[in-house]
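Just so we're on the same page: letters track the sequence lines, and every chain starts at 1.
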Amino acid sequence: MNDVTTEKKTVLIVDDEENLVHILARKFEDEGITAYTAFNGREGLTLAREKRPEIMLLDVVMPEMDGFEVLRALKEDKELSDMPVILLTNSSSIETVAQAVTSGMNEFLVKTEIGLDEVVRHVKQRLGALR
Amino acid sequence: MNVRTQEMSYRADWVALTLFFLLSAVLWGFEDGIARMFLYVPGLSLSEVPLFERTKTLLLQFLNVLVGTFCYLALFQYKLHAAHTRMVPVAVPDDGFLSREQLKVLYEDSPVPYFLIDTTGALHAPNKATLRFFGGTVEECERTNLFERLVTPDAAHDIAMLHTKVERSVPLSEEEMSVKTFRGEVRRVLVSIHTVASAVNMPFRHLVTFVDVTKERQNEEAKTDFLLLASHQLRTPTTTIRWYTDYLLHTPALKLNDIVRGYLEEIHRGNERMIDLVTTLLTVSRIEMGIVAPDIAPVRMDELVQDLLQELKPDYEKKKQHIEVTKIGDDRFMTDRAMMRIAIHNLLTNAIKYTPVDGSIHVYALYGADSGTVMVSDTGCGVPLAEQDKVFTKLFRATNARKIAASGTGLGLYLTRAFVEKLRGSITYESQENVGTKFTLTLPRVAPGA
């Protein structure tokens, strides 16, 4: 049990819905997790390379670069390919789910189906598993 | 009326017309001669008998009108007769078959593209609709090959499949494919190929027909795109409301007073109803557009029912309702889990919602060899007799149900039936007002498509 760190946990939220990003970031900060925010895929990728967050919450439908394009870019980046990503979307269509599965996603949350607390709980669970 | 009689009536039409022109010509051309024969007195000049002149003109005009009227009447009669003959819906020869000429006209002028191919796919005898479809001449069409015109992601495989079918004279019925025209357009087409078995010595003995469905497919795609866009646009604001009210209600540091908390809870509940409504409406639209395909996989029906009862426990416990579950038989099904979950969820939530405090709900599952039945009966308000035939219709809510629960979309049972029928099952119900309702859902053990 010597790997428990006092360092603050970090999450990167990438979503073009600024209202959602704002309240999520506030909730994470309340929970003692540092939240970095980006409002499109390209910005998110740049911030991921710069800040190296422990986990990424990633929206699918976004301008400039969508969630799946970000995922592909992450996989190609040796230093970021292991970063856990939770896909966060409004679409629960079979097509989106299928695309998420083929992109190697193992966690897929539909925004309208879960509350704010549940999002934080999922992130904490993944972060807990990492340490 | 057979073809021969019809042809004769057309001939009569022409005879009447010719007769009319001949008589007119005789009257006008030989007017003078006729006048001389009947009206002039030999040896007298016209100036001496002005009365004859006047009488002659009058009589001739009268005769002209008389004969003209007769001819017109005769022609009109013939026309009527001919028109009547043409109205006969199907004109076939006495032996019951169309003549070779008529068949040729049908083939040539049909709005459906027809052409023949040989086993290599080489095209022959394209009709006019085929030329319009490809946008080329007969020669251009006859130089082309159907198989080479196919544009599919796996063209090689599709061509091999088609080739084998044509070679073995296996009929192809409305197989949807993409075909490239001479204009370079790619059109979606339902292709049917039928082999004329008797024409063994003919190389081009495979008749191909096209049904162009490009427009229909484009409309479907536009609808799907709209639906996905609407789903995204409608869901985002409701998620915003949910997360913000979540934050306000679950952050003790904010120290909300009771009134503010109460109002926020109302906003939260209202928004939850909105989310349910939007999700249901989108599902209904997807079902109606036929873009919801069942995902058939193994499903343990008992597990599904137990999960749902666990999920709904807070609701029925709050109303102190008694839930009884009886199950008989093997609960393994091959069906769509998500669809069945929504269907049974709707039946259970209705039972809980419309059954009073201390009432009872019985879930009775009987699984047979080929099908299974899940019955959900309650001691609720029931459906008034006068409204019972509308229970599964869209947006229907019984008058007594509205009084008990103001909220409700009127789409739950409509969706339940739509899903059950998609899985080739059925749903029926019995109800008595103020006594209770029993829904019986029957499902095949293996849904089609498994």
Is atom [atom1] of [X] surrounded by more than 12 heavy atoms (other residues, nucleotides or ligands) closer than 6.0 Å?
| X | atom1 | result |
| --- | --- | --- |
| A:E79 | CD | no |
| B:R424 | CZ | no |
| B:K313 | NZ | no |
| B:R300 | CZ | yes |
| B:M274 | CE | no |

query = Rounded to the nearest 0.5 Å, what separation is found between the CD1 atom of A:I23 and the CG atom of B:L248?
reply =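 One gets 6.5 Å once the value is rounded to the nearest 0.5 Å.
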
Check: Any donor-acceptor pair under 3.5 Å linking the side chain of B:D246 with the backbone of A:G115?
Finding: no

Problem set entry | chain B neighbours within residues 25-37 of chain A, where any heavy atom lies under 4.5 Å away |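 Checking residues 25-37 of chain A against chain B gives A:R26, A:K27, A:D30.
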
>> Quick one, A:D117 and B:H250 - any side-chain contact, counting heavy atoms below 4.5 Å?
In response: yes

**Study point:** Closest non-hydrogen atom pair, B:W243 against A:I114
**Key:**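 That closest heavy-atom pairing would be NE1-O, 3.2 Å.
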
**Message:** So which atom in A:N19 and which in B:Y244 form the shortest heavy-atom distance, rounded to 0.1 Å?
**Reply:**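 Looking at all heavy atoms of both residues, the shortest contact is O-OH, 2.7 Å.
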
For B:E272, all residues meeting side-chain contact (heavy atoms from CB on, under 4.5 Å), sequence neighbours excluded
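Residues passing side-chain contact (heavy atoms from CB on, under 4.5 Å) with B:E272: B:R242, B:H268, B:I275.
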
If one checks every heavy atom of B:T245 against chain A at 4.5 Å, the contacting part turns out to be neither

Cut-off 4.5 Å, heavy atoms of chain A, and the answer for B:T240 is both

For residues 256-268 of chain B, the salt bridge (Lys or Arg N to Asp or Glu O under 4.0 Å) pairs (sequence neighbours left out) are B:E266-B:R269

Using a 3.5 Å cut-off and no angle test, enumerate the donor-acceptor pairs between side-chain atoms of residues 342-352 of chain B and protein atoms at least two apart in sequence or in another chain.
{"unit_1": "B:N346", "atom_1": "ND2", "unit_2": "B:I342", "atom_2": "O", "d": "3.4"}
{"unit_1": "B:N346", "atom_1": "ND2", "unit_2": "B:G412", "atom_2": "O", "d": "3.0"}
{"unit_1": "B:N346", "atom_1": "ND2", "unit_2": "B:T416", "atom_2": "OG1", "d": "3.0"}
{"unit_1": "B:T349", "atom_1": "OG1", "unit_2": "B:H345", "atom_2": "O", "d": "2.8"}
{"unit_1": "B:T349", "atom_1": "OG1", "unit_2": "B:N346", "atom_2": "O", "d": "3.2"}

